[in-house]
Peer 1: 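Here it is, the structure, as structure tokens.
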Amino acid sequence: MISKAKQVWVPGPLIVGAGPSGLAAAACLESKGVPSIILEKDLCIASSWKLRMYERLKLHLPKEFCELPHLPFPKEFPTYPTREQFISYIDSYAKAFCIEPLFGMSVESAAYDAGIGFWKVQANGLEFICRWLIVATGENAEVFRPEITGMPDYEKVILHTSEYKKGDDFRGKKVLVVGCGNSGMEVCLDLCNNGAQPSMVVRDKLHILPREILGISTFGLSMFLMKWLPMKHVDTFLLLCARLLLGDTEKFGLKRPKIGPLQFKMMSGKTPVLDVGTLAKIKNDEIKVVPGINHFTSKGVEFTDGRREDFDAVILATGYRSNVPSWLKEEDFFDQRDGYPKTQFPNSWKGKNGLYAVGFTRRGLLGTSLEARWIAEDIATQWSSETRHLPYEL
């Protein structure tokens with residue numbers, strides 16, 4: 001069957017996603033003299049940051065570990081920039097590299113046509129034809145909402161953290177936060193600091209580390225030590241520091257895995273929680289730790305220990321997931337089960353037939369920046385005068 005969609009020939013790479021990953025890839029390509037086009041389903045760049053992050057969010061890591069390639073943060077920014085500061089940085093980044101994505105472009109499918117040696121990408125009634133396809137939709141493309149027994153019977157508010165804005169909206173209310181990662185911990189702290197009464201569901205074991213050790217970023221210190229020591233020794237050091245600075249977290253219902261935080265992240269993909277003050281509130285019983293949910297009731301939940309409790313609102317800090325399997329018609333590079341590249345970092349950025357991935361490293365913006373540079377260098381070596389003169393129509 002011949003496609004009736006209007007065809008658009010793209011001389012350079014086509015990037016799907018205008019978040020930090022897509023912008024970084026476009027900027028690195030531009031620095032190599034390679035033009036690109038970005039397709040973005042929302043109506044702005046960095047839509048996750050602008051539309052789905054709560055107001056008081058700050059970067060978990062120091063700014064030097066969150067810079068995108070070729071443009072540092074302004075010197076006057078604090079060590080841990082706020083959400084608004086990060087957004088202003090991203091806007092400045094796009095402007096600095098003259099990046100103008102095509103907004104409102106929802107990619108329906110992308111498949112490689114071996115007959116012509118190009119990718120065909122369907123979006124909004126158009127068929128983009130390109131030699132290189134860069135998947136930059138990232139790890140947080142769509143909200144993950146677990147299905148919990150009885151959830152439709154609950155009569156009050158259930159929000160995902162993507163819909164949560166600020167703790168002031170819940171002043172004086174009992175709120176159940178489902179999830180104990182960095183987002184869940186920070187939402188609980190925000191609720192507590194603004195007059196709400198949060199309880200946090202903790203089902204699994206987790207590592208909590210101090211954000212800083214003697215004024216030094218825990219993340220930065222870990223990276224430095226990993227250059228000289230085996231991972232298990234770095235883990236031992238981190239756990240010792242955590243015990244000295246945070247105490248025994250198991251006393252408060254926060255059990256640690258048997259393996260260290262770095263090993264646990266490598267095996268499970270779960271990032272250690274960097275404490276920004278939540279643990280002190282838990283120790284003071286201002287934030288309650290509760291077990292998993294057995295099922296919802298009309299006014300609250302029944303926990304796995306059989307206890308029932310009513311809540312005025314429930315916030316799902318259950319994270320996000322990749323949406324790549326829903327539109328990319330390819331099974332060799334990306335895993336259809338979780339939407340991540342099958343090979344792990346640092347070999348997770350390049351597939352076959354001009355297919356690339358950026359922003360799937362589980363290593364934050366630092367991993368994104370590395371991949372964006374590698375992708376640009378690889379494509380630049382293939383870029384030729386012949387390629388530059390392919391027709392381009394919009």
Side-chain angles (χ1 to χ4, degrees), residues 13-29 36-53 57 59-61 65-69 83 86-87 89-91 93-94 99 101-103 105-107 110 121 123 132-145 160-162 181-183 265 269-271 317-328 330 333-351 355-376:
L14 183 69
I15 302 170
V16 181
S21 298
L23 299 177
C28 289
L29 287 163
S36 62
I37 292 178
I38 302 180
L39 303 184
E40 168 56 47
K41 65 181 176 62
D42 287 311
L43 301 179
C44 62
I45 62 172
S47 59
S48 289
W49 283 88
K50 292 183 176 182
L51 307 177
R52 293 183 280 278
M53 296 292 183
L57 175 69
L59 295 184
H60 297 145
L61 304 180
F65 298 113
C66 300
E67 293 175 346
L68 298 183
R83 168 182 171 271
F86 185 74
I87 288 172
Y89 168 73
I90 287 292
D91 286 338
Y93 191 84
I99 301 171
L102 301 180
F103 295 116
M105 301 295 291
S106 181
V107 173
V121 181
W132 302 284
L133 177 63
I134 301 175
V135 179
T137 47
E139 303 165 5
N140 302 324
E142 62 183 26
V143 165
F144 174 65
R145 293 177 181 268
H160 188 271
T161 47
S162 60
N182 280 299
S183 292
K265 178 175 173 56
K270 295 182 179 179
T271 302
T318 48
Y320 300 82
R321 61 187 174 190
S322 166
N323 69 357
V324 173
S326 69
W327 58 271
L328 183 62
E330 185 276 342
F333 185 39
F334 278 90
D335 194 318
Q336 296 298 301
R337 294 168 296 180
D338 62 9
Y340 281 75
K342 292 180 180 179
T343 53
Q344 293 187 351
F345 181 86
N347 301 308
S348 57
W349 59 277
K350 185 178 180 180
L355 178 63
Y356 298 87
V358 58
F360 295 88
T361 66
R362 292 188 174 98
R363 284 167 170 76
L365 294 172
L366 187 62
T368 288
S369 295
L370 289 171
E371 288 189 327
R373 292 176 187 272
W374 296 338
I375 290 170

Peer 1: Taking Glu139 first and then Arg362, would you say they form a salt bridge - that is, a charged N and a carboxylate O separated by under 4.0 Å?
Peer 2: no
Peer 1: Short question: side chain of Thr318, backbone of Arg145 - any donor-acceptor pair under 3.5 Å?
Peer 2: no
Peer 1: Under a 4.5 Å cut-off applied to non-hydrogen side-chain atoms, are Ile38 and Leu102 in contact?
Peer 2: no
Peer 1: Under the rule for side-chain contact (heavy atoms from CB on, under 4.5 Å), what residues qualify as partners of Ser162, not counting sequence neighbours?
Peer 2: Arg52, Val143, His160, Tyr320
Peer 1: Drop me the distance from Tyr356's OH to Leu14's CG, to the nearest 0.5 angstrom.
Peer 2: 13.5 Å
Peer 1: Is there a donor-acceptor pair closer than 3.5 Å between any side-chain N or O of Tyr340 and the backbone N or O of Ser348?
Peer 2: no
Peer 1: Stepwise, does the side-chain contact (heavy atoms from CB on, under 4.5 Å) test hold for Lys50 with Asp91?
Peer 2: CA-CA 11 Å; Lys50 292 183 176 182; Asp91 286 338; 2.8 Å; yes
Peer 1: Can you tell me how far apart CD (Glu142) and CG (Asn323) are? Round to the nearest 0.5 Å.
Peer 2: 5.0 Å
Peer 1: Can we call the ring centroids of Phe360 and Phe334 under 6.0 Å apart?
Peer 2: yes
Peer 1: Find out whether Pro20 and Ile90 are in side-chain contact, i.e. whether some heavy atom of one side chain is under 4.5 Å from a heavy atom of the other.
Peer 2: yes
Peer 1: Nearest heavy-atom pair of Ser21 and Val358: which atoms, and what distance?
Peer 2: CB-O, 3.7 Å
Peer 1: Between atom OG1 of Thr361 and atom CG of Leu370, what is the distance when rounded to the nearest 0.5 Å?
Peer 2: 8.0 Å
Peer 1: In Å and rounded to the nearest 0.5 Å, what is the CH2 to CG distance from Trp49 to Asn140?
Peer 2: 10.0 Å
Peer 1: From Asp42 CG over to Ser48 OG, what is the distance, rounded to the nearest 0.5 angstrom?
Peer 2: 7.5 Å
Peer 1: Answer yes or no: is there a side-chain heavy-atom contact under 4.5 Å between Leu328 and Val16?
Peer 2: no
Peer 1: For the residue pair Ala357 and Pro341, what are the closest heavy atoms and their distance?
Peer 2: CB-CG, 4.0 Å
Peer 1: Using a 3.5 Å distance criterion without hydrogens, assess whether the side chain of Arg321 forms a donor-acceptor pair with backbone atoms of Asp338.
Peer 2: no
Peer 1: Does the side-chain contact (heavy atoms from CB on, under 4.5 Å) test come out yes or no for Glu67 and Ser369, once each step is laid out?
Peer 2: CA-CA 8 Å; Glu67 293 175 346; Ser369 295; over 6 Å; no
Peer 1: Working to the nearest 0.5 angstrom, can you tell me the gap between Ile134 CD1 and Ile37 CD1?
Peer 2: 12.0 Å
Peer 1: Under the side-chain contact (heavy atoms from CB on, under 4.5 Å) test, which residues partner Lys342, sequence neighbours left out?
Peer 2: Asp335
Peer 1: The test is side-chain contact (heavy atoms from CB on, under 4.5 Å); show your working for Ile45 and Tyr93 and say whether it passes.
Peer 2: CA-CA 11 Å; Ile45 62 172; Tyr93 191 84; over 6 Å; no
Peer 1: Taking the side chain from Gln336 and the backbone from Gly339, do they hold a donor-acceptor pair closer than 3.5 Å?
Peer 2: no
Peer 1: Apply side-chain contact (heavy atoms from CB on, under 4.5 Å) to Trp327 and Val135, showing your working.
Peer 2: CA-CA 11 Å; Trp327 58 271; Val135 179; 3.9 Å; yes
Peer 1: Counting heavy atoms not belonging to Gln344, are there more than 12 under 6.0 Å from its CD?
Peer 2: no
Peer 1: Do the non-hydrogen side-chain atoms of Val107 and Lys41 ever get within less than 4.5 Å of each other?
Peer 2: no
Peer 1: Do you know the tightest heavy-atom contact between Glu40 and Pro101?
Peer 2: CB-CB, 4.5 Å
Peer 1: With the side chain counted from C-beta on, respond yes when Leu57 and Phe86 share a heavy-atom pair under 4.5 Å apart, and no when they do not.
Peer 2: no
Peer 1: Determine the minimum heavy-atom distance between Pro69 and Ala24, stating which atoms define it.
Peer 2: CD-CB, 3.8 Å
